[in-house]
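Working notes, structure below.
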Amino acid sequence: MLALISEGDNDIVLTRRPLTLRHHAGQVALPGGRAEDVDQTIVDTALREAREEVGLDERLVTVRGVLPTAHVAASSSDVTTVVATWDGTGTVGVVDPAEVALVQRVRLADLANPAARATTRHRSGYRGPAFVLPSLFVWGFTAHVLDALLDRGGWSRPWDRERIVEIPEGYVGARRLPERTDIP
């Protein structure tokens, strides 16, 4: 995965997976995917995937570091997040609609806003951080990564961890868009 932070606008690039996907349909994610034979390093994988998914020009990116690898039980995968910056002037957008439904740049201040923070629960029993934004709901592994980035970057603010929100329809693997696309 690539956590791509704009130094100029202080935002991060997020994607939303199409509702037609077999796994993690509708979920918000960072650009990324599985390593391929052409990738020599995990950084190569993250940059290639970001190019394929959002059209990122790798020449505009400065890799800042790599977060510790984490195991994602839901997909039985080990995931490594590469943290990089860019000046934010390059264009990013949906390259392959079968893989990415939406690309959105979200300000770190909006993610850190205590009013946007909550804890969510899944019917499986999973509980974890969530970000309730006007046009996106972020939960699961991506929310954990964003939470860690806010902490490590010094952007985190205290928030009510007792505030529980449900995962909206369309963000948990539904095969159709919800009636409303805005998040309460």
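Counting only heavy atoms from C-beta outward, the side chains of V103 and L14 never approach each other to under 4.5 Å.
What you find for H144 and G128 is that their closest heavy atoms are NE2-CA, 4.2 Å. The shortest non-hydrogen separation linking A3 to L149 is CB-CD1, 3.6 Å. Of all non-hydrogen atoms in A98 and P18, the two that sit nearest each other are O-CG, 3.5 Å. Nearest approach of G88 to S6, heavy atoms of both residues: CA-OG, 3.6 Å.
Rounded to the nearest 0.5 angstrom, R48 CZ and E53 CD are separated by 9.0 Å. Going from atom CG of L136 over to atom CD of Q27 covers 12.5 Å, rounded to the nearest 0.5 Å.
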Show your reasoning for whether salt bridge (Lys or Arg N to Asp or Glu O under 4.0 Å) applies to R117 and D160.
CA-CA 7 Å; R117 305 294 310 268; D160 181 4; over 6 Å; no
Evaluate the side-chain contact (heavy atoms from CB on, under 4.5 Å) criterion for residues R34 and T45: first the C-alpha distance (whole Å), next the side-chain angles of each, then the deciding distance (0.1 Å), finally the verdict.
CA-CA 7 Å; R34 297 195 184 276; T45 300; over 6 Å; no
List the atom pairs, donor and acceptor, that lie under 3.5 Å between side-chain atoms in residues 56-68 and the rest of the protein, sequence neighbours left out.
residue, atom, partner, partner atom, Å
D57, OD1, R59, N, 3.0
D57, OD1, R59, NE, 2.9
D57, OD2, R59, NE, 3.4
D57, OD2, R59, NH2, 2.8
E58, OE2, R51, NH1, 2.1
R64, NE, T85, OG1, 2.9
R64, NH2, E7, OE2, 2.9
R64, NH2, T85, OG1, 3.2

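Under the 3.5 Å distance criterion, the side-chain polar atoms of R163 are matched with a main-chain donor or acceptor of A115.
Both tests pass for R16 against the ring of Y171: distance under 6.0 Å to the centre and angle within 45° of the axis.
Between H122 and W139, the ring planes are parallel. Angles under 30° get that label, and only those over 60° would be called perpendicular.
The 12-atom threshold is not exceeded at CD of E162, counting heavy atoms of other residues, nucleotides or ligands nearer than 6.0 Å.
E166 and T120 are not linked by any side-chain donor-acceptor pair at a separation below 3.5 angstrom, with hydrogens and angles left out of the test. In the model, T69 has no side-chain atom that pairs as donor or acceptor with a side-chain atom of D78 under 3.5 Å.
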